[in-house]
Number of protein chains: 2
Amino acid sequence: MDEDLKLERARMRVIDTITQNMNLYGITPSVGRLYGLLYFNEEPMSLDSMKDELGMSKTSMSTSVRQLQELKMVEKIWKKGTRKDLYHSVDDWYQTFTDYFSIKWRKGISQNIASINKSLEEVSELLESPNTPIEIKEAANNDKDRFLYALEYYDWLNRLIDTFETNEIFKFVPKQKDTPKN
Amino acid sequence: MDEDLKLERARMRVIDTITQNMNLYGITPSVGRLYGLLYFNEEPMSLDSMKDELGMSKTSMSTSVRQLQELKMVEKIWKKGTRKDLYHSVDDWYQTFTDYFSIKWRKGISQNIASINKSLEEVSELLESPNTPIEIKEAANNDKDRFLYALEYYDWLNRLIDTFETNEIFKFVPKQKDTPKN
DNA sequence: TTGTTTGTACAGAATTTACTGTATGTACTG
DNA sequence: CAGTACATACAGTAAATTCTGTACAAACAA
């Protein structure tokens, strides 16, 4: 069964590649490797089979698979006649990509905008007050400009994420190389 | 000097915000905080002044500032009459954003594509060979499809990064909210 | 009901990552 | 030339993250 081994090695190489790539996005290698495993397994897998395949604890499989679920990269499959939870990879990488960064980037932004607005207000008060020493006003002015710039930038980032969430980005950068449709 | 304190607090709040945001992108909080400090300092800063301001070791300042330099978020400033290296933030956040993800994402992709191509070739050999058992051929076929899909996806990602690097993305998502120019 | 199977919370262990202090090299100064 | 000021390499330490094993809870079976 030399062919068996050859296939296995080819697959492993690509799993490593996927793992490395996901790691670049801040996903732990073990979690990435688990995704790779699920991606190539035609059948959905149970926690026990993942554990056996990766040689890790079942606890780790449980938490890793949950992470992948939260990232919408893996879904639970129901199958008649088994009590085990079964999982399979979600195979739309484009959707995974846009979802991942939408979730991740959007996370902080609204809070960030709120905190900048608060600081902006405080600084504006300082600038309006006649009690504020002149050199403080100068510094306040500098800060205010930078706050405004930050707000502008976060607004842009929000609009960029909008194009991810609505899939409009694929109008601009089409999935297929040669056909500009969809 | 109550005004002094008030301004300081407003600024610190925004620095925390920036730190948090950068941390989301995989930049360490200390490094993010250093960027925030440099962003609000009108004058460029020396390693010693950073150290004093953040209460960390000079070694840390040295390595952190180097990281920021590699990410093109900070640049070295030359100033007559001082032997210290002086640094200032690069204030174009849009450019910083596109640069950062171009550098980061592009990093792996070409190697990834190469390794997938290699595996693709090996699997194709298996499929063509008459010695390969039928059940291995079936698995190989499955794998091959997934390799091809991955290649397609990485190609898309490359084209997305192209729009970042060339700043074409700003045609699609303009920097200014209301004026579609630039 | 009791026994069994399965998934997960939690605490501690192991590993990785980030930080510090010393030691050294290099470039200026006089 | 020595002497000083500065930045950084490197090794060791501290802190954070990830992983494991046990213990327990929920769901099911008989």
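First the proteins, then the strands, lettered A, B, ... as listed; each starts at 1.
- Put simply, CG on A/Leu54 is 11 Å from P on D/dC19, counting in whole angstrom units.
- Classification of the A/Trp156-B/Tyr94 ring pair by plane angle, with boundaries at 30° and 60°, yields perpendicular.
- Closest non-hydrogen pair, A/Gly32 versus A/Thr19, comes out as C-OG1, 3.8 Å.
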Exercise for the section: Would you sort out whether B/Glu125 and A/Lys6 count as a salt bridge (charged side-chain N to carboxylate O under 4.0 Å, His left out), showing the intermediate values? Expected result: CA-CA 10 Å; B/Glu125 277 170 30; A/Lys6 197 171 174 185; 2.9 Å; yes
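- Note: CG (A/Asp85) to P (C/dG7) measures 5 Å, nearest angstrom.
- Of all heavy-atom pairs between B/Leu34 and B/Ser64, the closest is CD2-CB, 3.6 Å.
- Distance OH (A/Tyr87) to P (C/dT6): 13 Å, rounded to an integer number of Å.
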Problem - Nucleic acid footprint by protein, nucleotides 12-24 of chain C - heavy-atom cut-off 4.0 Å, B for base, S for sugar-phosphate alone - result: ------SSBBB--
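- Between the CG atom of A/Leu86 and the P atom of C/dT5 there is a distance of 17 Å, rounded to whole Å.
- Across its full length, the helix from C/dT1-D/dA30 to C/dG30-D/dC1 shows an angle of 10° between the axes of its 5 terminal pairs at either end, rounded to 10 degrees.
- We find that A/Glu122 and B/Arg9 are not joined by a salt bridge, their nearest charged nitrogen and carboxylate oxygen being 4.0 Å or further apart.
- A perpendicular orientation is assigned to the rings of A/Trp105 and B/Tyr25, their planes being inclined by more than 60° (bins at 30° and 60°).
- As rounded to whole Å, 13 Å separates atom C1' of D/dT8 from atom CD of B/Gln69.
- Less than 6.0 angstrom separates the ring centroid of A/Phe147 from the ring centroid of B/Phe40.
- Think of A/Leu86 as one node in a network of Ile, Leu, Val, Met, Phe, Trp and Tyr side chains linked at under 4.5 Å; its network also takes in A/Ile77.
- In terms of heavy-atom proximity, B/Gln95 sits nearest to B/Thr98 at O-OG1, 3.0 Å.
- Contacts of residues 32-51 of chain B with DNA chain C (heavy atom under 4.0 Å): none.
- In this structure, B/Lys84 atom NZ and C/dC28 atom P are separated by 15 Å, rounded to whole Å.
- Rounded to an integer number of Å, the gap from A/Lys76 NZ to C/dT6 P is 14 Å.
- How far OG of A/Ser110 is from CG of A/Asn112: 8.0 Å, rounded to the nearest 0.5 Å.
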Practice task
Do nucleotides 24-30 of chain D as a string where each nucleotide becomes B, S or -: B if the base has a protein heavy atom under 4.0 Å, S if just the sugar-phosphate does, - if no protein is that close.
Solution key: ---BSS-
Handout entry: Working for ring pair (Phe, Tyr, Trp, His ring centres under 6.0 Å), residues B/Phe101 and B/Phe97
Key = CA-CA 6 Å; B/Phe101 287 102; B/Phe97 177 89; 5.0 Å; yes
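- Atom CD of B/Glu121 has 12 or fewer neighbouring heavy atoms from other residues, nucleotides or ligands inside a 6.0 Å radius.
- Partners of B/Arg106 under the salt bridge (charged side-chain N to carboxylate O under 4.0 Å, His left out) rule, at least two apart in sequence or in another chain, are B/Asp162, B/Glu165.
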